[in-house]
Novice: 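Please see the structure below; I have some questions.
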Amino acid sequence: MRVGILGSGLMGGKLGTLFARAGHDVVFSYARRKDKLTGLARRAGHNARVGTPREAAQKADVILLAVHWSRIDDVLSQAGDLAGKVIVSCSLPMNADDTELVVAHTFSGAEELAKRVPGARIVAAFNTVPSEVLFAVFAARKKTDPAQPSLLRRRPRRQTHGRWAHP
Ligand SMILES: NC(=O)c1ccc[n+]([C@@H]2O[C@H](COP(=O)([O-])OP(=O)(O)OC[C@H]3O[C@@H](n4cnc5c(N)ncnc54)[C@H](OP(=O)(O)O)[C@@H]3O)[C@@H](O)[C@H]2O)c1
């Protein structure tokens with residue numbers, strides 16, 4: 001497939017690299033520096049290249065949306081009309097410092113995204129939890145039995161509505 005990457009940071013960079021090495025045609029776009037995109041494409045291999053968000057999106061069979069929630073409107077406006085496109089979104093609806101969800105728990109980021117991109121088919125994926133939330137879990141695991149699934153075993157210290165519950 002032709003995969004357009006909108007947002008080539010941790011998620012877009014890694015997933016785009018996996019897709020390219022698996023044989024898909026990948027276009028990396030949307031980073032603050034062009035050389036970041038160029039380096040990513042070079043390391044991802046001959047199936048990867050660099051483009052603008054519009055170039056990444058318009059010819060794509062599937063688009064990977066991997067920007068911070070605060071950048072969604074910007075990258076979508078650069079990508080152009082995405083009606084009919086399949087958009088796989090790993091963008092979590094978080095505030096600027098990633099401490100709170102800006103969309104309530106009863107209403108998902110995918111639903112909000114669907115309103116902003118009329119006619120697109122939205123798939124939410126790769127977006128259960130930001131890796132930063134897991135840092136404390138990884139640290140705790142080193143001190144306990146590493147064979148245990150920590151996320152299932154440990155309870156949040158404090159449950160605050162609308163906030164990530166840090167284990
Ligand atoms: N990281 C995780 O473990 C994880 C897990 C699940 C879901 N998510 C969600 O996935 C989304 C992406 O996360 P991420 O960790 O991949 O974020 P990230 O590493 O910050 O990547 C975001 C991308 O957007 C680019 N960008 C930001 N501001 C820009 C601007 N003004 N102009 C052009 N490009 C700009 C960044 O450019 P630069 O490369 O130049 O910084 C980067 O390539 C977020 O919504 C996050 O909540 C992340």
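Numbering of ligands and ligand atoms starts at 1, following listing order. Heads up: numbering here begins at 1 and tracks the sequence.
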Novice: Determine whether Leu65 and Leu113 make a side-chain contact, defined as any pair of heavy atoms from C-beta on separated by less than 4.5 Å.
Specialist: yes
Novice: Could you list the residues that satisfy salt bridge (charged side-chain N to carboxylate O under 4.0 Å, His left out) with Lys115, not counting sequence neighbours?
Specialist: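 For Lys115, the residues satisfying salt bridge (charged side-chain N to carboxylate O under 4.0 Å, His left out) (neighbours in sequence not counted) are Glu112.
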Novice: Any nitrogen or oxygen of Met11 lying under 3.5 Å from a nitrogen or oxygen in ligand 1? Just yes or no.
Specialist: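 Such a contact does occur with ligand 1.
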Novice: With heavy atoms of Phe126 as the reference, note each atom of ligand 1 found under 4.0 Å away.
Specialist: 6 (C), 7 (C)
Novice: Over 60° means perpendicular and under 30° means parallel, so classify the ring planes of Phe19 and Phe126, tilted if in between.
Specialist: tilted
Novice: Ligand 1 and Leu10, any nitrogen or oxygen pair closer than 3.5 angstrom?
Specialist: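 Yes, since at least one N or O of Leu10 sits under 3.5 Å from an N or O of ligand 1.
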Novice: Under 4.0 Å, heavy-atom basis, I'd like to know which part of Arg32 is in contact with ligand 1: side chain, backbone, both or neither.
Specialist: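 Under 4.0 Å from ligand 1, Arg32 contributes backbone and side-chain atoms.
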Novice: Does a side-chain heavy-atom distance below 4.5 Å link Ile5 with Val27?
Specialist: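 In short, these two side chains do not touch, never coming nearer than 4.5 Å.
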Novice: Taking Glu111 for its side chain and Ser108 for its backbone only, find out whether a donor-acceptor pair lies under 3.5 Å.
Specialist: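 Indeed, once roles are kept as given, a pair shorter than 3.5 Å links the two residues.
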Novice: For atom 39 (O) of ligand 1, which candidate among Lys14, Gln78, Lys36 provides the closest heavy atom?
Specialist: Lys36
Novice: Would you mind reporting whether Trp69 and Val102 have side-chain heavy atoms less than 4.5 Å apart?
Specialist: yes
Novice: State whether the shortest distance between N or O atoms of Asp74 and N or O atoms of ligand 1 falls below 3.5 angstrom.
Specialist: no
Novice: Verify, without hydrogens or angle tests, whether Gln58 (side chain) and Ala79 (backbone) share a donor-acceptor contact under 3.5 angstrom.
Specialist: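 Looks like yes, one N/O pair under 3.5 Å.
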Novice: Looking at ligand 1, does any of its N/O atoms fall within less than 3.5 Å of an N/O of Leu92?
Specialist: yes
Novice: Near Cys90, which atoms of ligand 1 are under 4.0 Å from a heavy atom of that residue?
Specialist: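 Here the atoms of ligand 1 in question are 7 (C), 8 (N), 9 (C), 10 (O), 11 (C).
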Novice: Using heavy-atom distances only, which candidate in Ala66, Gly109, Ser29 approaches atom 12 (C) of ligand 1 most closely?
Specialist: Ala66
Novice: Would you check if the side chain of His68 reaches a backbone N or O of Asn95 as a donor-acceptor pair within less than 3.5 Å?
Specialist: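 The answer is yes, because a donor-acceptor pair under 3.5 Å joins these two groups.
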Novice: Using a plain distance cutoff, I'd like to know if Gly9 has any nitrogen or oxygen under 3.5 Å from a nitrogen or oxygen of ligand 1.
Specialist: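 Yes.
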Novice: Who gets closest to atom 28 (N) of ligand 1 by heavy atom: Met94, His68, Arg71?
Specialist: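 Of the listed residues, Arg71 has the closest heavy atom.
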